Structures are given as C-alpha cells and as structure tokens.
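Notes follow once the structure below has been shown.
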Protein chains: 2
Amino acid sequence: MNTNKNYIFRETRQRKRMMEILSSTKSHPTADWVYSQLKEDFPSLSLSTVYRNLRILKKQKRILELPFGHTFDRYDGNPAPHPHFACQKCKRVFDIDISGLENIFQNATRETNFKLEGFNLNLYGLCNDCKNDHASS
Amino acid sequence: MNTNKNYIFRETRQRKRMMEILSSTKSHPTADWVYSQLKEDFPSLSLSTVYRNLRILKKQKRILELPFGHTFDRYDGNPAPHPHFACQKCKRVFDIDISGLENIFQNATRETNFKLEGFNLNLYGLCNDCKNDHASS
DNA sequence: ATAGGTGCAAATGTTTTGCTGTCAA
DNA sequence: TTGACAGCAAAACATTTGCACCTAT
C-alpha cells in the first residue's frame with residue numbers, strides 16, 4: 001500500500017461490500033470471518049485482498065482495529081476508540097460504556113506530560129450469559 | 001504444556017535465570033529479547049524454550065503478558081495488571097499510573113453486570129522525549 | 001490511458017508442537 | 001527413578017509481499 005498522502009483510494013466492488021459487512025455487524029469480526037462473508041459475493045476472493053482492504057479502511061479511519069494479542073486482531077465498523085469487554089468463555093467481544101474515562105485520561109496525561117493520541121482498553125472476564133453457567137468447561 | 005492443575009513445575013536453571021532477567025528490567029521485553037539475553041548464559045538455548053517458559057511463568061502468575069497486537073506480545077516482570085503507555089515514535093513502553101481507575105471499573109461492572117477478571121489498558125501517543133522532537137521521521 | 005486493485009502463490013514473523021534425549025526432584 | 005523440561009526441526013497461524021493481469025476513474 002502506498003503511504004503517500006495524495007494517494008487516491010478507489011471504491012472497488014469488493015471494498016464497498018466489505019465496508020457494508022463491517023458496518024452492519026456488532027460482532028467484532030476477524031479478518032477470516034470477513035473473508036468468508038465477502039467470499040459469498042466474490043467466489044474468487046483472496047484473503048490478501050481482505051487484509052489489504054482492512055488496512056486501507058483503517059487508514060481511512062472508516063474502521064477500527066482492536067489488538068487482542070492473545071489470539072489475533074479483530075476489527076470494528078465503528079472508528080471511534082471505545083472500551084471493549086472480552087468474555088473468556090464464549091469469546092464474544094462487547095462494546096462497553098465507561099463514563100468518566102476521558103477525565104481520567106486527562107489527569108493521566110497532565111501528570112505524565114505525554115501527548116495522548118489514543119488508547120485501547122480491553123476488559124475481560126465473564127459476560128452476563130456465561131458467569132452463572134457452570135455447565136460447560 | 002500440561003494443563004492439569006496438579007502439574008508440578010520444576011525450577012530449571014534456564015527458567016530461574018529467565019525470571020531473574022524479567023524481574024530486573026522495566027523495558028517490557030519481547031520474547032526475542034529475552035531469548036538473546038538468556039542465550040548468553042545458555043549458548044545452546046532454543047527459542048521454543050523461551051516461549052514455553054514465558055507461558056509457564058504467565059500461568060504461574062509470575063509475569064504478565066501485554067498484548068500489543070500491532071506488533072507482538074511483550075512481557076512484564078510485574079504480574080499486577082496496570083496501564084501502559086506506548087510511544088509511537090521511540091517504541092518504548094512505559095508503566096503509567098492512572099488514579100481512580102478502579103472506581104471507574106467498578107462503575108462499569110455494576111452497570112454491565114459482567115464479572116470483571118482483569119483488563120489491559122494501553123495508551124499511545126508521544127512520550128516526553130519525543131513529543132517536542134521534530135528532527136527525525 | 002493510467003494508476004490503484006485483484007487473485008494467486010510464496011514469503012514473513014511470531015508462536016507452537018512432536019520428538020528424543022536429559023536433568024531436577 | 002520418573003516425568004517435567006531442553007533443544008532441534010518442522011508445523012502452525014495470521015499477515016504481508018511480489019507479480020501479472022484487471023478495472024475504476
């Protein structure tokens with residue numbers, strides 16, 4: 001991918017459909033899942049096309065990449081940084097709302113003198129569905 | 001690695017030295033860096049031994065794994081969860097202190113009903129040294 | 001027409017696994 | 001003595017790259 005600022009992105013059929021898929025789900029899909037979805041419309045689709053476009057959409061700030069290092073990156077149709085909760089049992093990832101987070105960050109940056117450009121905050125544990133379910137595992 | 005709870009860990013020379021290395025640095029090293037350090041004492045050391053022991057030390061809760069998905073996992077000799085700041089320029093990772101974070105998490109778990117077991121919070125931006133340095137890059 | 005994009009195959013970089021011999025308890 | 005562990009090589013896994021052809025603009 002070109003890193004030139006004046007690079008002109010094209011809206012190919014694949015990329016257009018891909019953005020639709022990403023926007024229409026809250027499931028924080030993996031690259032592989034996006035691939036399998038997109039493959040339905042483009043049978044000859046290549047995985048590298050998916051990765052290439054994920055990077056481009058991220059660069060365009062149309063999507064957000066969530067680094068969950070333990071497994072692999074996941075992507076979010078919503079480009080605004082926000083905290084997530086990952087259930088360790090069912091593996092789902094939820095958007096959560098933590099009020100007052102901005103103030104806390106402001107305090108932190110004031111104390112450290114760092115220039116804060118973003119964050120990623122991932123909580124983990126057991127979700128509502130799983131925390132009372134002692135049946136499996 | 002055995003997942004049996006009654007698994008008896010041995011304190012091999014390699015693992016002992018590795019824990020010393022991890023405890024005595026604040027640099028949030030990569031697996032590869034640990035390998036290169038440990039290799040000085042064990043010339044025939046294998047990378048898989050490092051990974052195996054990182055996983056074991058993590059399982060023993062003697063170290064903490066920091067998932068920085070964009071690059072690769074990093075490890076910390078301090079097992080208590082705490083926020084980090086990653087400088088996008090010099091690539092260093094700092095421990096930071098954000099007061100009031102616990103309260104915020106308590107609010108979040110009360111609202112969501114999730115069972116919170118941990119978190120990882122990584123801020124990123126420019127550190128003190130880099131934010132005023134427009135010379136390079 | 002041109003330059004960005006696609007599909008394919010091969011490469012990359014990190015982490016894991018199978019196996020055989022070894023050493024800590 | 002015995003079973004957890006070391007070292008080695010190969011595999012696994014997500015992701016990236018080189019290249020020739022294709023297509024959006």
Side-chain angles (χ1 to χ4, degrees), chain A residues 1-19 21-22 28-60 62-75 91 93, chain B residues 1-19 21-22 28-60 62-75 91 93:
Chain A
M1 183 170 90
N2 195 328
T3 53
N4 178 353
K5 267 190 178 172
N6 301 316
Y7 191 92
I8 297 165
F9 295 108
R10 289 178 186 168
E11 188 75 348
T12 60
R13 289 170 298 136
Q14 288 90 334
R15 190 176 303 160
K16 185 170 190 286
R17 182 75 191 101
M18 196 167 143
M19 190 59 218
I21 291 172
L22 283 163
H28 304 82
T30 62
D32 200 66
W33 182 87
V34 174
Y35 171 71
S36 71
Q37 294 300 109
L38 200 53
K39 185 103 179 168
E40 293 180 9
D41 294 319
F42 303 91
S44 67
L45 180 71
S46 164
L47 233 195
S48 57
T49 296
V50 171
Y51 278 110
R52 232 181 336 237
N53 283 333
L54 285 172
R55 227 190 321 165
I56 289 172
L57 291 173
K58 187 172 56 173
K59 190 184 177 67
Q60 293 180 305
R62 297 168 71 186
I63 64 170
L64 183 70
E65 190 179 65
L66 315 177
F68 285 99
H70 288 297
T71 52
F72 27 78
D73 287 340
R74 292 175 149 238
Y75 297 84
K91 308 302 182 193
V93 177
Chain B
M1 184 173 90
N2 195 329
T3 54
N4 179 353
K5 265 189 178 172
N6 301 317
Y7 191 92
I8 296 166
F9 295 108
R10 288 180 186 164
E11 189 74 349
T12 60
R13 287 172 299 138
Q14 288 88 336
R15 189 176 302 160
K16 185 168 189 287
R17 183 75 191 101
M18 196 167 143
M19 190 59 216
I21 291 172
L22 284 164
H28 303 83
T30 63
D32 201 65
W33 182 87
V34 173
Y35 172 71
S36 72
Q37 294 300 109
L38 200 54
K39 184 104 180 167
E40 293 179 9
D41 293 319
F42 302 91
S44 67
L45 180 71
S46 163
L47 232 195
S48 56
T49 296
V50 171
Y51 278 109
R52 217 184 289 126
N53 283 333
L54 285 173
R55 229 191 319 163
I56 289 172
L57 291 173
K58 186 172 59 176
K59 189 183 178 66
Q60 294 180 304
R62 298 170 69 186
I63 64 170
L64 183 70
E65 188 179 66
L66 316 176
F68 285 99
H70 287 298
T71 51
F72 28 78
D73 287 341
R74 290 174 153 241
Y75 298 85
K91 307 302 182 193
V93 177

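All figures in this text were calculated on a predicted structure; none of them were measured in a lab. Residue numbers start from 1 in every chain, and the chains themselves are labelled A, B, ... in the order their sequence lines are given, proteins ahead of strands.
With the end axes of the helix from C:dA1-D:dT25 to C:dA25-D:dT1 each set by five pairs, the angle from one to the other reads 40° at 10° resolution.
Note on A:Tyr51: a side-chain N or O is less than 4.0 Å away from OP1 or OP2 of D:dT15. Remark: A:Thr49 is in phosphate contact with C:dG7, judged by side-chain N or O atoms under 4.0 Å from OP1 or OP2. Between C:dG7 and A:Gln14, a contact under 4.0 Å exists linking OP1 or OP2 to a side-chain N or O. OP1 and OP2 of D:dT23 both lie 4.0 Å or more from every side-chain N or O belonging to A:Arg15. OP1 and OP2 of C:dC23 both lie 4.0 Å or more from every side-chain N or O belonging to B:Arg10. Side-chain nitrogen and oxygen atoms of A:Ser44 include at least one within less than 4.0 Å of the OP1 or OP2 phosphate oxygen of C:dG7. Residue B:Thr12 places at least one side-chain N or O under 4.0 Å from the OP1 or OP2 atom of D:dA6. Regarding contacts with the backbone of D:dT16, every side-chain N or O of A:Arg52 stays at 4.0 angstrom or more from both OP1 and OP2.
Within the 3.5 Å criterion, the main-chain N or O of B:Glu11 finds no donor-acceptor partner in the side chain of B:Lys16. The backbone N or O of B:Arg10 lies less than 3.5 Å from a partner atom in the side chain of B:Arg15, making a donor-acceptor pair.
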For this session: Could you please spell out the steps behind the side chain to side chain contact (heavy atoms under 4.5 Å, CB included) verdict for A:Ile21 and A:Trp33?
Result: CA-CA 10 Å; A:Ile21 291 172; A:Trp33 182 87; 3.8 Å; yes
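The distance from atom CZ of B:Arg62 to atom CZ of B:Phe9, rounded to the nearest 0.5 Å, is 10.0 Å. Atom OG of residue A:Ser46 and atom CD of residue A:Gln14 lie 10.5 Å apart, to the nearest 0.5 angstrom.
Protein atom CZ of A:Phe9 is 16 Å distant from nucleotide atom C1' of C:dT6, rounded to whole Å. Note: CG (B:Leu57) to P (D:dC5) measures 11 Å, nearest angstrom. We find that NZ of A:Lys16 is positioned 14 Å from P of C:dT6, with the value rounded to whole Å. Spacing between atom CZ of B:Arg55 and atom C1' of D:dA6 amounts to 14 Å, rounded to whole angstrom units. Residue A:Ile56 contributes atom CD1, which lies 15 Å from atom P of D:dA24 at whole-angstrom precision. One atom, CZ of A:Arg13, and another, C1' of C:dT6, lie 10 Å apart when rounded to the nearest Å. One interatomic measurement links the two molecules: CG of A:Leu45 to P of C:dG5, which rounds to 15 Å at whole-angstrom precision. Between B:Met18 atom CE and D:dC5 atom P there is a gap of 12 Å when expressed in whole angstrom units.
Positionally, the nearest nucleotide of DNA chain D for B:Pro43 lies more toward the 5' end than for the other of A:Asp32 and B:Pro43.
In this structure, A:Leu47 reaches the bases: a heavy-atom distance under 4.0 Å links it to at least one base atom across the strands shown. Among the atoms of the strands shown, only primed sugar atoms or phosphate atoms (P, OP1, OP2) are found under 4.0 Å from some heavy atom of B:Asn53.
For the pair A:Val50 and A:Asp32, the minimum side-chain heavy-atom distance is 4.5 Å or more. Annotation: side chain of A:Ile63 is in contact with side chain of A:Met19 (closest heavy-atom distance under 4.5 Å). When side chains are defined from C-beta on, A:Leu54 counts as touching A:Met18, because their heavy atoms get closer than 4.5 Å.
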